[in-house]
Each structure stands twice: as C-alpha cells, then as structure tokens.
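Have a look at the structure below, then the notes.
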Amino acid sequence: MGQKILIIEDEKALAEEWAKGLQYAGYETKIVTTLNEVMNILNQLDFDLVLLDIMLPSYDVSDRIKQNSIKWGRIAGLWIAKQIKEREPSMPIFVVSLVTDQKILDELKQVGVVKVVSKPISVKELIDIVESCLGKV
Amino acid sequence: MKLAKETNKSEDFFRRIHVSLYQTDQDDIITLANPAMAKMFGYDSPENIIGKDLKDFYVEPERRKEFKEILRQQGGSVIGYLARMRMNTGEYFYVSADSKIIKDVKGNEIGVEGVLRRVKKEDIELRRMVDDRDTFMMNISHELRTPMTTILAAAENLQEGRTTDVEKPKALNKIVIELQRLHLMTERLWRAEMIAKGLSVCQPSNVDIWEKLSSSRKMMIPLAERKSIKITINDEIKKWGPIKLDREMFTHAILNLFDNAIKYSYPNTYVKVDGNRHWLDVVLSFQNVGPLISSDEHDKIFERFYRSKKAVAMAPSGSGIGLVLVKDFVEKHEAKIEVKSVPYKEKNHRHLNTFSLIFPK
C-alpha cells in the first residue's frame, strides 16, 4: 500500500490529473473539491500528506463559516491549514497557490506549511515536491 | 525634572506639527486632537473638536465602520486608507489615513489613533487606477494560470503514458475545454480593452437569437457539468426570428451572462434562460440560484474590475470584466439591463438572481 495523499483543489479536472500522476508514482490519493467536503474530512485525517490549494470557494458551507470565508476572501485554505495542523501537528502540508501577498505567505509558514509553490506546476515537479516533503529525497 | 521637560517637548511637538493627529474611543468619539486636526475640519482649537463623533466628519458615515473592519482584518493597523471627509462648513475634502487600533493591557479594543493627511482628488483617482490595475493583474493571473495548469497536467500525463486508453478521450476533452476557457478569457480581455479605449464599434446585422443562445449553451455545458448545473433555454425563443444586433457584442454579452450564472451558482441547481417578446422590445433573462446581490451592488457589478467579497468567496477566480462587456452591449443598442435578487425557497443564503436584457426588436 502506498502512502496516502489528500488533494484539496476546487478544480476537479486538475485534481484528477494530479491524482493520476501521483498514483502512477505509487501513492494513494483522495480528492476533495469543496470547503464542505474538507469540513467533513477534518476529523478523519488518515493521510501522509496534504496537497492544498488555498483558494477554495465557499458556497457549500454553513452561514457561520461562510461569513468567515467572506472575510478571508481568497484564502479559505489558510484556515484549512490551521485546522489540519491543530488536529495533526506533524502532517506535512504542501500548498499550491497563486497568492503573492507576503503576509499570507508568512502566515502559512507560521502555521507550519512545508512548501508553497505557484501554479502552473508540472506533474513531475509536483511528484518531486511530494517526495521531498515526505523525506524521500 | 528631566521627565517633565521631555513631556513638555512632546506636547509642544504635538501642538506644532502640521499633520493631523487624533485619537478616538471605541465609539469613534474624538478624545485627542492636535491643532492641525482641528484646523483640518474648520475648528479654531482642539477643544472644539474633542468630544465630537468622527463618523460625522465622513461624507459617508458608514465608511467609518468599514474602515474599522479593515483595520481588524489587517491585524490592527492600516496605512493610506482613503476617505472623503467634510469640514464644519460642509466643504468636502479627501484624506489619507494611517491608523492603528489602541488596546488596553488585556488586549481589548479601546479606540483608534492615527494621522490624517489631506490629499488631492486627482491623487485618489490615480491611486484607485493603480489599485484597480493591481487587483486586475492578480485576478487575471489566477484565472489564466488554473486552466494552464490543467492543460499542462493532462498533456504531461498523456505524454508520459500515465493516461490509459480508456481515459484518453476524457483527458483530451479536458484539454479542449480548458483551451476554450482560455480563448474566452483572452477574447474578453481584448474586448474590454477596446471598450476602455473607446474603440468598441456596433455593426448591426440580423442575428438568430435562438441559434446564438444554443451555441453558447453548448460551449458552457462542460463548465456547468462540473457543478452539476443544468442549463435550459425556453423553446419559445425559437419563434423569434432574426433581430438586428451586433453579432459579436451580443455573443459576448450572453457568453458572459452564462459564465457568471454558472460561476455564481450553487452546485446541483440550474441556469434558466427565458424570453418574452413585447410590442417594441424583447426581454432575455438569465436566472440562477446564487448568493444575494444586494441592491447597492446592482450598478457596481457592471464597473470594470469590481468583484464583491461574496463573489470572491463563491468563486475565487474572476477578472471583474465580464459584465463590462454586457454593459457595452446595452449602451450600444439602446437597451437596458435589470438585476433582481430574491430569496430562494426559504434557504436564507440562497437567492434567485435574474439578469434581464431588454433590447429593441
């Protein structure tokens, strides 16, 4: 059984391609595409690494969360990273993001995100980074 | 003795400095002001302004609440917030505020303090243009990079033999859809630029509305399917026959109305296009189930680069120029666009949003 990667990415078409590449490299994958799905999975974090897009839409969550995500604007993923780290402090999180705001990048670092890269990224690069985050290289 | 001397020096500096310094309590009542601050608002001395509500000096008092919200969101301090203020004579002027939240030892907010500088209206307009441009560049960069990443991943998986024969048609279809998305975006950008330069020209010809709606729907189906959204068009429109319109402008107007309706729809809902013919005009309406579009946003959403916070939360990608193309179509055809947002089936956060294009037959 390969190590398990959780892919949090709202663009399903893209997440499927990343999953395909990672599976080919020997990993098991699970894709979640909405904030609601993320909320449902937070208490069963049976994964070895989380690959996270920090810009997630928030159309499918409760009003309370929605109010917060309106405040977060594009960075609902920062909240997700914090939630994951609170539950599983040792879980490596690898962020694929388009955010260039240094304040957000610093916060991601503070939360304990191990790597932040910008789109576009090739599948080969993605696999290399996953391996490096898991200490394989 | 030395401390008293230093305090006197500080007070003297506070009185002499030309920039306006202020402090308010948490209810926005001015608790401290220097002479420059009093003068800025038309008062002879700080005593005359202390005790007044700072909100009352805003041309739009609700902006004070918004300002404090921004202060909190940005970790307690803001530099260069622009606001329109008014003097005690009623005269308007613009200020740039550098402010921070004051907290007590327990960390509770007890007020705000900062510096106000008078700025020229032209400087504000220039700054807004620069801010708009920055926001736009960030938005467009996100909107272009995501389909590019998908194309790159799908093509690389095909090239490296990671895609099975069974999966190949789906992978190729993904590439085609994402290329169409990129094509739409670049076309939208080019047209928005033409509009901004005043080079958008209307060349009416006979347009089959049904045919244009059907082909646009076909183009949008893959995007809609990703959120399990069904698109329907009222069959009655088939009977309309041709109408004189600028073909390109009309096509881009409806493509953007479809695109927005899908982008801002809740999953598993629908987009419905309806049509009504009247004596002199026709009404084409695009309806979807999305977040509330409040009435104060009904005009703003047609402004270049404008995206509400709700829109960003619902769909992080977006350039804020799609509706500019719709507005251009409306202006060039002596048409109208109406926006309605009403609660949907007791689900308080869901609204039935309708964009109605009304144009002459």
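Note on naming: letters A, B, ... go to the chains in the order of the sequence lines (proteins, then strands), and numbering restarts at 1 for each one.
A salt bridge is defined here as a Lys NZ or Arg NE, NH1 or NH2 lying under 4.0 Å from an Asp or Glu carboxylate O, and B:E143 with B:R188 meets this definition. Ion pair B:R72/B:E109 flagged as a salt bridge, since at least one NZ, NE, NH1 or NH2 atom sits closer than 4.0 Å to an Asp/Glu carboxylate oxygen.
Comparing B:K174, B:E178, B:E167 by how many heavy-atom pairs each has under 4.5 Å with chain A, the most go to B:K174. Between chain B and the residues A:V123, A:L126, A:I121, A:V96, the largest count of heavy-atom pairs under 4.5 Å involves A:V123. Annotation: maximal heavy-atom pairing with chain A below 4.5 Å, among B:P147, B:G161, B:G75, occurs at B:G161. Note: B:E156 leads B:K170, B:M148, B:E156 in heavy-atom pairs under 4.5 Å with chain A. Put simply, of A:K119, A:E16, A:K12, the one with the most heavy-atom pairs under 4.5 Å next to chain B is A:K119.
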Kindly indicate, with the supporting measurements, whether the criterion side-chain contact (heavy atoms from CB on, under 4.5 Å) is fulfilled by A:F94 and A:V130. CA-CA 8 Å; A:F94 159 27; A:V130 164; 4.0 Å; yes

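Of all residues in residues 17-25 of chain A, those placing a non-hydrogen atom less than 4.5 angstrom from a non-hydrogen atom of chain B are A:E17, A:W18, A:K20, A:G21, A:Y24.
Residue pairs meeting the salt bridge (charged side-chain N to carboxylate O under 4.0 Å, His left out) criterion with at least one partner in residues 83-98 of chain A, sequence neighbours excluded, do not occur; the list is empty.
For A:V117 against A:K115, the heavy-atom pair with the smallest separation is CG1-CE, 3.9 Å.
At least one cation-pi condition fails for B:R217 and B:F258: the charged atom is not both under 6.0 angstrom from the six-membered ring centre and inside a 45 degree cone around its axis.
The shortest distance between side-chain heavy atoms of A:K124 and B:E160 does not fall below 4.5 Å.
Between B:Y81 and B:F67, the ring planes lie tilted relative to each other; the angle falls in the 30° to 60° range.
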